[in-house]
Amino acid sequence: MVIFAQNYIMSKSFSDLGVNALLQQGLEDLKISVPTDIQEKTIPLVFNQTEDIVGLAKTGSGKTAAFGIPLLQLIDIESTTLQLLILAPTRELGQQIHTNLTSYAAHCPEISIAAVCGGIPIKPQIERLKTPTHIVVATPGRLVDLASRGAINLKHLTHLVLDEADEMVSALKQDLDLIIKQIPKTRRTLLFTATLSGAIKQLVQNYMSKHVMQLEADMTTVGHQGIDHQYMVVEPIEKLNVLMHFLSSKEGQRGIIFCKTKAAVNKLGKNLAIHKFSSGALHGSLSQGIRDRIMGQFREGHIDILVATDLAARGIDVKEVSYVINYHLPDTFEAYVHRSGRTARAGAKGLSLSILQEEEVQDLPEFENELGIVFSKFKKADAQSIEENNGLLWAKKIFKTKPNRTISDQFRENISTVFHHLTKEELIEKVLANYLAQNATAHQKNEVLKHPKTK
């Protein structure tokens, strides 16, 4: 039986919700003073009820604090057993949850929190778990590995949290099944998801109690607040040039470009690098060290553009992301929610732009109806603007090219003699004219290939 809890009386402070002074201090240190909708609804239920909870909340709604704050307060610090297990689909999200919980509990040093995620050596994690640990944040695959080695004891768990469960039911279900078999049936389960798909409903039926409390954050104001959903229609041959024109207009701002496949991420990432965009590519087949380095560069502002697959981008919590681009429209509504939710965080405004081919436009009404959003059409740059932008990118490429130190002095002197009598302005004019002439020739050749003469 599902008990709906959307109409729970709203409070105005964490104190009103029953949060203790030490955890309030941790929140104040983070400049968090007003609970979000999902926090106002979840925290009292965790404290005052005993039923399992299904939370429907979009990315960026504050759900980590919604389950993290009350469960931190319920930890029995007198006990040395593992009491709370939080499962996340990716290492990046797991680390983000661990960082958040550690920050919330900054004034509660007695609470021991560990992160055990894949992609890094397992031996240090085994050593870490030999010390008393109250809370573990884990990815399913690594947890199964640790359990098979006898390195973690799950028999005394009182609470299980499944965060971004919509991702786990597809890619990680086998590991999840193995974990559920090893934990007490008497534990309380909290599940958070962006949408209630059929797979999620099946997971709730299989893993949770018969009496489940279902709550929903204000999806219209939390999940989409501040996000401008737009689309543009392009021909396949112009897609990259249109994208680069848009990126040039957003120079200095941070954004994430989503592709469906790892191959597409690699290809687009390479093209952006060739044109000297400040960018990096992120997908699951990269080594964890490379993923960490790229994420660190993006988070610290050393690169402006991240090209990523959906799964690789889970756990990215960067507040200053100005725009998100769907270079390929995602296959699911949940994926679109997670993508667009990377922008407009912490009350900021943001743009979610989908670059579509003509046949994809027919899919937009389904996204609008399912997610309660409205797409507006983004005006595509005209051919002249795109050509001028490509010329500008060509000039920047030359500017950033490192001098070749291997050529002979005589050759360099001969070249210099050719240009000796030209002023800087004259040289620029001639180089630009040469670029435009070559570009026009290449364009004519493409037209011939596209429209061959017939007898």
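Values below: every heavy atom of this structure, side chains too, minus hydrogens, waters and symmetry copies. None of these values were measured; they are calculated from a predicted model. One-based numbering along the sequence shown.
Checking side-chain atoms of T80 against main-chain N and O of P132 turns up no donor-acceptor pair under 3.5 Å. Although no hydrogens or angles enter the test, the distance criterion places no donor-acceptor pair under 3.5 Å between the side chain of R339 and the main chain of V324. With E238 contributing its side chain and E235 its backbone, the two residues share a donor-acceptor pair below 3.5 Å. Judged by distance alone, the side chain of R188 and the main-chain N or O of I53 form no donor-acceptor pair under 3.5 Å. The backbone N or O of Y327 lies less than 3.5 Å from a partner atom in the side chain of K239, making a donor-acceptor pair. With hydrogens and angles disregarded, no donor-acceptor distance shorter than 3.5 Å links the side chain of E164 to the backbone of P89. Counting only distance, with no hydrogens or angles, the side chain of T81 and the backbone of Q83 share no donor-acceptor pair below 3.5 Å. Side chain of Q49 to backbone of M213: no donor-acceptor contact under 3.5 angstrom is found. The main-chain N or O of V321 is found under 3.5 Å from a side-chain atom of T343 such that the two form a donor-acceptor pair. A donor-acceptor pair under 3.5 Å links the side-chain atoms of K400 to the main chain of K276, judged by distance alone.
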- Do F14 and I32 pass the side-chain contact (heavy atoms from CB on, under 4.5 Å) test, and can you show the C-alpha distance, the side-chain angles, and the key distance before you say yes or no? CA-CA 9 Å; F14 286 101; I32 299 173; 3.8 Å; yes

- Worked verdict on V374 versus E368 for side-chain contact (heavy atoms from CB on, under 4.5 Å): CA-CA 6 Å; V374 176; E368 291 179 322; 4.1 Å; yes

- Task: Apply salt bridge (charged side-chain N to carboxylate O under 4.0 Å, His left out) to D292 and R91, showing your working.
- Result: CA-CA 10 Å; D292 288 344; R91 181 188 175 212; 2.7 Å; yes

- Take D363 and L356 through the side-chain contact (heavy atoms from CB on, under 4.5 Å) test and state the conclusion after the steps. CA-CA 10 Å; D363 297 328; L356 310 178; over 6 Å; no

- Any chance you could lay out the side-chain contact (heavy atoms from CB on, under 4.5 Å) test for T90 and T139, step after step, and finish with the verdict? CA-CA 6 Å; T90 66; T139 49; 5.5 Å; no

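To the nearest 0.5 Å, the span separating CD1 on I113 from CD1 on I86 amounts to 8.0 Å. Residue R342 holds its CZ atom at 15.0 Å from OG of S322, rounded to the nearest 0.5 Å. Atoms CE and CD, on M295 and E92 in that order, are 7.0 Å from each other to the nearest 0.5 Å. Between the CG atom of L17 and the CD atom of E40 there is a distance of 6.5 Å, given to the nearest 0.5 Å. Interatomic distance, I386 CD1 to N241 CG, rounded to the nearest 0.5 Å: 6.5 Å. Taking CG of L268 as the start and CE of M244 as the end, the distance is 9.5 Å to the nearest 0.5 Å.
Using a 4.5 Å heavy-atom cutoff, the side chains of Q357 and E360 are in contact. By the 4.5 Å heavy-atom criterion applied to side chains, I69 and Q39 are not counted as neighbours. For the pair F367/S354, no side-chain contact is recorded, criterion being any heavy-atom separation below 4.5 Å from C-beta on. Contact check for K250 versus D304: no side-chain heavy atoms found under the 4.5 Å cut-off. With contacts defined as side-chain heavy-atom distances shorter than 4.5 Å, the pair L72/C108 does not qualify. You'll find the side chain of H283 stays beyond 4.5 Å of the side chain of V307, heavy atoms only. Under the 4.5 Å side-chain criterion, counting only non-hydrogen atoms from C-beta, S340 is in contact with H229. Proximity of N389 to S249: side-chain heavy atoms (C-beta onward) are nowhere separated by under 4.5 Å.
Across T42, T36, D163, a single residue satisfies side chain to side chain donor-acceptor pair (under 3.5 Å) together with K63, and that is D163. A side-chain contact (heavy atoms from CB on, under 4.5 Å) with L191 is found for exactly one of L160, V212, L162, L87, namely L162.
The pair K396-E251 counts as a salt bridge, with a side-chain nitrogen and a carboxylate oxygen less than 4.0 angstrom apart.
The nearest pair of heavy atoms linking I325 to L243 is CD1-CD1, 3.5 Å. Heavy atoms only, all atoms of each residue included: G94 and V137 are closest at O-CG1, 3.4 Å. Annotation for L30 and S103: closest pair CD1-CB, 3.8 Å, computed over non-hydrogen atoms. Looking at every heavy atom in both residues, L71 comes nearest to H159 through CD2-CD2, 3.5 Å. Smallest separation of non-hydrogen atoms from A281 and V265: CB-CG1, 3.7 Å. Residues Q182 and A147 approach most closely at OE1-CB, 3.5 Å, considering heavy atoms.
Pairs engaging residues 66-119 under the ring-ring contact (aromatic ring centres under 6.0 Å, His included) rule: F67-F192 [sequence neighbours left out].
Using bins of under 30°, 30° to 60° and over 60° for the plane-to-plane angle, the ring pair F375/Y231 lands in the perpendicular bin.
By the neighbour-count criterion of 12 heavy atoms within 6.0 Å, atom CD of E359 is densely surrounded, having more than that number from other residues, nucleotides or ligands.
Counting only N and O atoms by type, the side chains of D310 and H338 include no donor and acceptor under 3.5 Å apart. Of the N and O atoms on the side chains of R128 and T133, at least one donor lies less than 3.5 Å from an acceptor on the other residue.
By the ring-ring contact (aromatic ring centres under 6.0 Å, His included) test, Y323 pairs with F246, sequence neighbours left out.
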